[in-house]
2 protein chains.
Amino acid sequence: MTVPHPAPSNFPTIAIVGVGLIGGSIAAAVRKRNLGRVFAVGRDAGKLRLALSLGLADHTTTDIAVAAREADVLIFCTPVDRIAAGVREAVASCRPGTVITDAGSTKGSICRSLSKDLAEGVEFLGSHPLAGSEKQGCEHADANLFVGRVCVLTPVESSTLRARERLAAFWTSLGARVLEMSPEAHDLALAETSHLPHLIAATVASTLAPENRELAATGFRDTTRIASGDPDLWTAIFLANADALLESLKKQETVSHAFREAIEERDASRLRELLVHARESREALMPRQN
Amino acid sequence: MTVPHPAPSNFPTIAIVGVGLIGGSIAAAVRKRNLGRVFAVGRDAGKLRLALSLGLADHTTTDIAVAAREADVLIFCTPVDRIAAGVREAVASCRPGTVITDAGSTKGSICRSLSKDLAEGVEFLGSHPLAGSEKQGCEHADANLFVGRVCVLTPVESSTLRARERLAAFWTSLGARVLEMSPEAHDLALAETSHLPHLIAATVASTLAPENRELAATGFRDTTRIASGDPDLWTAIFLANADALLESLKKQETVSHAFREAIEERDASRLRELLVHARESREALMPRQN
């Protein structure tokens with residue numbers, strides 16, 4: 001559901017853990033809109049210096065405890081397989097009332113793991129801003145990356161209305177349209193809309209023989225663009241959402257098998273039906289807002 | 001191979017049969033560059049009037065014989081399943097020395113069917129400009145559609161050097177880079193670079209459940225963009241290149257199966273290998289020239 005009337009943002013200090021494309025873009029968006037002070041946290045001092053020199057942060061630190069003590073919200077923009085451990089490490093230093101969220105592409109295992117046993121008054125609530133790029137690194141940060149995009153919040157039973165409202169207001173102030181879903185519903189949906197397309201784009205890219213590269217035109221390039229994504233990030237995403245992804249892959253294989261049969265049998269009317277259905281499904285997508 | 005030194009274009013009158021996006025763009029390109037007189041041929045008088053009103057043609061006719069009598073080159077831009085019959089109909093009215101070509105996405109069956117028994121002095125030589133769009137209709141014609149793109153010529157044993165040189169010069173004058181391949185090699189390559197990506201994009205589009213559409217972001221949109229193509233055109237293309245397409249689909253299924261196994265077995269290192277290979281294959285594509 002769409003959160004109707006978010007309260008105004010009230011996170012004076014925003015810690016961003018992992019300053020890559022997404023973390024950097026959140027930082028850029030916050031600073032451009034004067035929404036608060038940005039504390040960039042990372043393991044790589046060189047990347048933090050780069051973020052500072054690009055004007056993406058007010059402060060940087062490699063010690064998450066330093067940022068956690070000052071932050072009103074911590075946003076984990078690390079690979080999905082490092083989020084839960086990172087949150088647990090930060091919690092010990094957080095003040096009561098701190099909200100912790102993330103920007104990971106899978107939510108089930110992260111939200112289940114962090115739904116309880118956090119410190120008193122410290123709450124984790126998952127976020128997933130549906131924005132990104134095959135580009136990596138905060139040098140590609142874009143203060144408008146979230147404008148017009150959906151951001152999914154994934155509350156669980158223990159989530160407080162206050163945390164939901166504060167995070168909804170935060171993402172809304174970055175230009176996003178906020179939806180709420182359960183972590184499980186999110187993961188099933190994202191398997192279809194993101195993880196399966198990534199897997200399939202990778203299979204098409206891998207199928208291309210080197211000697212045919214010269215004949216790859218716009219259609220091939222578009223269909224396989226996301227296959228350029230970071231293999232480590234996507235390995236973690238595929239494994240964190242393995243069951244839903246396998247389910248989606250099974251659906252795709254069923255459709256692919258129907259195409260194979262229609263072609264083998266030179267069944268033009270069946271083939272046309274399959275293509276008409278695909279086109280209708282593609283064209284039913286809402287036009288992009290931006 | 002790249003045709004090294006094409007002779008200057010010498011087709012004073014150019015008949016374009018089928019004035020959709022490709023035919024219209026060839027017409028626009030010819031007129032913008034003052035390369036000759038354009039005769040637009042079609043079955044639909046309304047579309048021909050539109051082409052005329054858009055300034056894409058000097059003359060129009062629904063009678064191919066009228067255009068064939070005047071043309072130095074005829075370019076068939078009709079769906080692939082109508083090219084061979086259209087050429088045979090036109091041949092009877094052509095003057096000796098006329099070159100006939102096409103812009104179809106499959107070449108084997110067309111070129112085999114037209115490699116002999118044409119009229120004395122009239123020669124068919126297949127072309128495939130690798131340009132297009134999911135948009136349809138000459139209202140989207142673009143005089144620069146072929147600039148920087150590859151155009152494949154598919155000569156057979158009986159093809160004359162003169163026809164190859166004249167057509168190479170023609171496409172070059174539209175901005176394309178001309179390559180020569182056998183019709184069979186072309187079809188195998190295009191199965192991988194175009195027909196398989198189209199089929200696979202269609203399967204991914206069809207897999208998306210309506211309730212998840214709202215969560216489809218840029219990655220999904222890019223991966224499935226070509227699934228919006230015309231179902232009739234693509235039914236004809238898939239059937240005209242059925243064997244090569246099935247072969248490519250088999251290769252894709254093998255890669256997909258490897259992904260499935262790696263995910264089922266939670267084998268992170270194998271999954272990463274598959275993703276690294278896909279990224280390398282994608283990134284080995286030449287950057288686009290335009």
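It should be emphasised that the depicted structure is a prediction, and the values quoted were computed from it without experimental measurement. Chain naming here is simple, since letters A, B, ... match the order of the sequence lines and numbering starts at 1 in each.
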Query - Chi angles and distances behind the side-chain contact (heavy atoms from CB on, under 4.5 Å) call for Leu285(B), Phe220(A) - result: CA-CA 10 Å; Leu285(B) 295 182; Phe220(A) 188 91; 3.9 Å; yes
Nearest heavy atoms of [X] and [Y], plus distance in Å:
{"X": "Ala209(B)", "Y": "Lys251(A)", "result": "CB-NZ, 4.5 Å"}
{"X": "Asn212(A)", "Y": "Thr193(B)", "result": "O-CG2, 3.4 Å"}
{"X": "Ala202(B)", "Y": "Leu275(A)", "result": "CB-CD2, 4.3 Å"}
{"X": "His277(A)", "Y": "Ser206(B)", "result": "ND1-OG, 3.0 Å"}
{"X": "Ser228(A)", "Y": "Arg279(B)", "result": "O-CD, 3.1 Å"}
{"X": "Ala189(B)", "Y": "Leu215(A)", "result": "CB-CD1, 3.5 Å"}

Give the member of [options] that has the highest number of heavy-atom pairs under 4.5 Å with chain B.
{"options": "Ile263(A), Val152(A), Val204(A)", "answer": "Ile263(A)"}
{"options": "Val150(A), Leu274(A), Leu196(A), Asp232(A)", "answer": "Asp232(A)"}
{"options": "Leu246(A), Leu190(A), Leu130(A)", "answer": "Leu246(A)"}

Where does [X] contact chain B at under 4.5 Å (heavy atoms): side chain, backbone, both or neither?
{"X": "Leu271(A)", "value": "both"}
{"X": "Ala185(A)", "value": "neither"}
{"X": "Glu273(A)", "value": "neither"}
{"X": "Ser256(A)", "value": "both"}

Query raised in the report: With side chains defined as the heavy atoms from C-beta onward, is the minimum distance between Thr223(A) and Asp222(B) less than 4.5 Å?
Result: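 Of all side-chain heavy-atom pairs linking Asp222(B) with Thr223(A), none is under 4.5 Å.
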Requested in this report: Check for a donor-acceptor pair, side chain of Ser281(A) on one end and backbone N or O of Ala205(B) on the other, with a separation under 3.5 Å.
Outcome: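 The answer is yes, because a donor-acceptor pair under 3.5 Å joins these two groups.
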Requested in this report: Establish, from distance only, whether the side-chain atoms of Thr224(B) and Arg282(A) form a donor-acceptor pair under 3.5 Å.
Outcome: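 Looking only at side-chain atoms, Arg282(A) and Thr224(B) do form a donor-acceptor pair, the distance falling under 3.5 Å.
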Query raised in the report: Can you tell me if Gln252(A) and Thr207(B) form a side-chain donor-acceptor pair at under 3.5 Å?
Result: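 No.
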Query - Euclidean distance, Glu192(B) CD relative to Arg213(A) CZ, rounded to 0.5 Å - result: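 Here the rounded value is 10.5 Å.
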Query raised in the report: Measuring from Arg272(B):CZ to Leu233(A):CG, what's the distance to the nearest 0.5 Å?
Result: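 The CZ atom of Arg272(B) sits 10.5 Å away from the CG atom of Leu233(A).
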Requested in this report: List the steps and the verdict of side-chain contact (heavy atoms from CB on, under 4.5 Å) for Thr254(B) and Thr203(A).
Outcome: CA-CA 9 Å; Thr254(B) 302; Thr203(A) 66; over 6 Å; no
Query raised in the report: Between Thr235(B), Leu208(B), Leu239(B), which residue shows the highest count of heavy-atom pairs closer than 4.5 Å to chain A?
Result: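 That would be Thr235(B).
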Requested in this report: Pick whichever of Asp267(B), Val276(B), Leu245(B) has the most heavy-atom pairs under 4.5 Å with chain A.
Outcome: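 Highest number of heavy-atom pairs under 4.5 Å: Val276(B).
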Query raised in the report: Any Lys/Arg nitrogen of Glu214(A) or Arg177(B) sitting under 4.0 Å from an Asp/Glu carboxylate oxygen of the other?
Result: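 Yes, charged N to carboxylate O under 4.0 Å.
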Report task. May I ask you to say whether Asp243(A) pairs ionically with Arg266(B), meaning some side-chain N is under 4.0 Å from a carboxylate O? Result ->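 Arg266(B) and Asp243(A): salt-bridged.
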Requested in this report: Identify, with sequence neighbours excluded, every residue that meets ring pair (Phe, Tyr, Trp, His ring centres under 6.0 Å) alongside His128(A).
Outcome: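 Residues passing ring pair (Phe, Tyr, Trp, His ring centres under 6.0 Å) with His128(A): His186(A).
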Requested in this report: List the steps, then state whether side-chain contact (heavy atoms from CB on, under 4.5 Å) holds for Arg260(A) with Glu253(B).
Outcome: CA-CA 11 Å; Arg260(A) 165 177 284 289; Glu253(B) 286 168 350; 3.2 Å; yes
**Report entry** More than 12 heavy atoms of other groups within 6.0 Å of His140(A) NE2
**Finding:**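 Correct, the count exceeds 12.
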Query raised in the report: Given Ile200(A) and Phe259(B), is the side-chain contact (heavy atoms from CB on, under 4.5 Å) satisfied, shown in steps?
Result: CA-CA 9 Å; Ile200(A) 293 296; Phe259(B) 269 101; over 6 Å; no
